[in-house]
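A quick write-up on the structure given underneath.
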Amino acid sequence: MTQITLALSKGRIFEETLPLLAAAGIVPSESPESSRKLIIGTNRPEVRLIIVRASDVPTYVQHGAADLGIAGKDVLIEHGGEGLYQPVDLNIAKCRMMVATPVGFDYQAAVRRGARLRVATKYVNTARLHFAEKGVHVDLIKLYGSMELAPLVGLADVIVDLVSTGGTLKANNLVAVEEIMPISSRLVVNQAALKLKHDTLQPIIEAFRAAAQK
Ligand code: PRT
Ligand code: MG
């Protein structure tokens with residue numbers, strides 16, 4: 001029996017992945033939210049889930065510690081995607097990568113006059129590429145979370161962050177001024193595993209593909 005390991009993160013990705021797993025005939029034996037276990041069995045003896053940080057999913061799959069996983073496009077861009085096959089856009093955990101500023105900051109005017117902008121973000125690769133394409137000079141300030149705070153205390157002029165409802169920006173008197181790209185989560189597969197475990201992996205990939213298209 002070929003063992004299959006699927007890497008998932010808790011929270012929104014896990015919730016939205018459950019129906020896709022069900023469509024592939026995979027039912028976790030417990031919830032990662034209530035259990036502290038990091039390895040969770042399923043109804044299929046050959047399939048197990050591992051629970052990792054969202055930003056660590058590509059690393060586990062790249063090194064073959066997981067055969068497949070689910071990761072946001074934001075995370076995949078920052079990781080680089082080496083060694084990963086990305087066969088399916090699952091259309092889950094959707095949001096937008098945005099530039100945001102304090103209300104009243106004239107972003108377009110700052111860009112027009114060629115100002116050098118201080119940009120706080122967790123997504124430094126995405127931000128670097130975006131501003132380089134626009135020809136805007138930036139100083140990137142790497143943060144690991146709560147980017148919304150940075151402009152409020154003078155650490156940065158603008159932030160690059162994910163926005164879904166817009167509630168977090170609003171609560172902090174910030175406004176989205178530019179969309180960088182739409183974001184959704186992708187199925188990622190280890191390239192060597194896809195060859196070696198093809199007969200077991202391919203039906204799972206196809207079930208995910210079919211469920212995502214509904
Ligand atoms: O939380 P942790 O540090 O463990 O990791 P993580 O934040 O990377 O993971 P998690 O579970 O929060 O997010 C997993 C994936 O969900 C991300 O990689 C995205 O692809 C996707 N996703 C979808 C989002 C959002 N929507 C989202 N709104 N990830 C984060 N947010 C955050 C955003 O950064 C901001 O702080 O939610 C806040 C804004 O939300 P709104 O609704 O107020 O606009
Ligand atoms: Mg989070």
Side-chain angles (χ1 to χ4, degrees), residues 6-21 28 31-40 49-62 65-66 68-82 84 86-103 107 119-130 140-153 155-156 158-189 208 212:
L6 171 66
L8 290 175
S9 56
K10 287 195 216 183
R12 64 192 109 214
I13 287 191
F14 189 83
E15 303 258 299
E16 295 191 45
T17 299
L18 277 175
L20 302 175
L21 285 173
S31 155
E33 310 292 352
S34 52
S35 161
R36 284 166 191 266
K37 283 189 190 163
L38 299 174
I39 301 181
I40 293 182
L49 311 180
I50 62 172
I51 306 302
V52 306
R53 281 293 285 268
S55 44
D56 290 335
V57 167
T59 307
Y60 279 86
V61 177
Q62 174 190 4
L68 66 177
I70 295 177
K73 187 177 175 190
D74 51 316
V75 162
L76 290 167
I77 289 175
E78 292 301 312
H79 171 269
E82 310 95 84
L84 302 178
Q86 299 182 27
V88 189
D89 181 349
L90 297 169
N91 262 308
I92 60 168
K94 287 166 88 167
C95 56
R96 294 179 296 160
M97 183 74 74
M98 307 282 290
V99 180
T101 72
V103 170
Y107 174 69
V119 181
T121 188
K122 183 163 142 183
Y123 308 100
V124 287
N125 292 338
T126 309
R128 184 182 298 109
L129 198 65
H130 174 71
L140 292 170
I141 300 163
K142 165 85 184 184
L143 292 177
Y144 292 88
S146 302
M147 275 78 84
E148 296 87 358
L149 180 63
L152 307 181
V153 294
L155 178 64
V158 312
I159 64 170
V160 167
D161 195 7
L162 300 174
V163 179
S164 48
T165 63
T168 307
L169 291 182
K170 202 164 179 216
N172 291 292
N173 213 23
L174 301 172
V175 62
V177 293
E178 190 164 71
E179 172 162 341
I180 300 180
M181 66 180 82
I183 299 289
S184 55
S185 289
R186 315 283 162 119
L187 187 62
V188 295
V189 185
F208 271 98

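Just so you know, ligand 1 is whichever comes first in the structure, and atom 1 is the first atom listed for that ligand. As the structure is a prediction and not an experimental result, all values here were calculated from the model. Basis for what follows: all heavy atoms, side chains included, without hydrogens, waters or symmetry-related copies.
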N/O to N/O below 3.5 Å, does that happen between [X] and ligand 1?
{"X": "S55", "answer": "no"}
{"X": "T168", "answer": "yes"}
{"X": "S164", "answer": "yes"}

Using a 6.0 Å cut-off, check whether atom NZ of K142 has over 12 heavy atoms from anything other than its own residue.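 Counting other residues, nucleotides and ligands, NZ of K142 exceeds 12 neighbours.
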
Check the surroundings of atom CZ in F208: do more than 12 heavy atoms from other residues, nucleotides or ligands lie under 6.0 Å from it? yes

Closer than 4.0 Å to some heavy atom of [X] - which atoms of ligand 1 meet that?
{"X": "V163", "answer": "44 (O)"}
{"X": "C95", "answer": "22 (N), 23 (C), 25 (C), 26 (N)"}
{"X": "V75", "answer": "18 (O)"}
{"X": "G72", "answer": "20 (O)"}
{"X": "T165", "answer": "41 (P), 42 (O), 43 (O), 44 (O)"}
{"X": "D161", "answer": "33 (C), 34 (O), 35 (C), 36 (O)"}
{"X": "K122", "answer": "6 (P), 7 (O), 8 (O)"}
{"X": "G167", "answer": "43 (O), 44 (O)"}

Ignoring hydrogens, what is the shortest heavy-atom contact between [X] and [Y]? Give both atom names and the distance.
{"X": "M98", "Y": "A176", "result": "CE-CB, 3.2 Å"}
{"X": "Y107", "Y": "E178", "result": "OH-OE1, 2.7 Å"}
{"X": "L169", "Y": "E148", "result": "CD2-CG, 4.4 Å"}
{"X": "F14", "Y": "P28", "result": "CZ-CG, 4.1 Å"}

Could you give me the CA-CA distance, side-chain angles and deciding distance for L143 and L149, then say whether side-chain contact (heavy atoms from CB on, under 4.5 Å) is met? CA-CA 10 Å; L143 292 177; L149 180 63; over 6 Å; no

Taking atom 17 (C) of ligand 1 as the point of reference, which of L169, I70, D74 owns the nearest heavy atom?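 It is D74 whose heavy atom sits nearest to atom 17 (C) of ligand 1.
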
Could you give the distance from CG (L18) to CD1 (I13), rounded to the nearest 0.5 Å?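 Rounded to the nearest 0.5 Å, the CG-CD1 separation comes out at 12.5 Å.
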
Under a 4.5 Å cut-off applied to non-hydrogen side-chain atoms, are M97 and L162 in contact? yes

Hey, is E148 touching ligand 1 through its side chain, its backbone, both or neither, going by heavy atoms under 4.0 Å?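 Only the side chain of E148 comes within reach of ligand 1.
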
Less than 4.0 Å is my threshold; does some heavy atom of S9 fall inside it relative to ligand 1? no

